[in-house]
Amino acid sequence: MLQRIKTDGGERWAIVFGEHFSLEDYVNLQNGLISVLQASTHSEMLCGMGEDLFCVFDLLEAITPTHTQACEYERYLKGKQTEN
């Protein structure tokens, strides 16, 4: 879902995944965006996409976790495993 959130830099719009959004769902989302990009480079789609192609790249960059975020998530998952 899209939601307005408060950050250190002020309020921002964010894509917020629900509690039941799995890591597999996230990977499938990324793979889908990459497939769109791959298809656009191997066909006439590239000429017609223009700014839409930039938006796909922008979204892909925005949903790709930073190294710090990936490490935090890994620590979170390890903590969940030790709780069970």
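Within a 6.0 Å radius of CD in Glu24, other residues, nucleotides and ligands contribute 12 heavy atoms or fewer.
Nearest heavy-atom pair, Ala70 versus Pro65, reported as atom, atom and distance to 0.1 Å: N-CB, 4.3 Å.
Here CG of Asn28 is found 10.0 Å from OG of Ser35. Values are rounded to the nearest 0.5 Å. Note that NE2 of His67 is 10.5 Å distant from CD of Glu72, once rounded to the nearest 0.5 Å.
Side-chain atoms of Gln30 and Tyr26 form a donor-acceptor pair, as typed in the model, at a separation below 3.5 Å.
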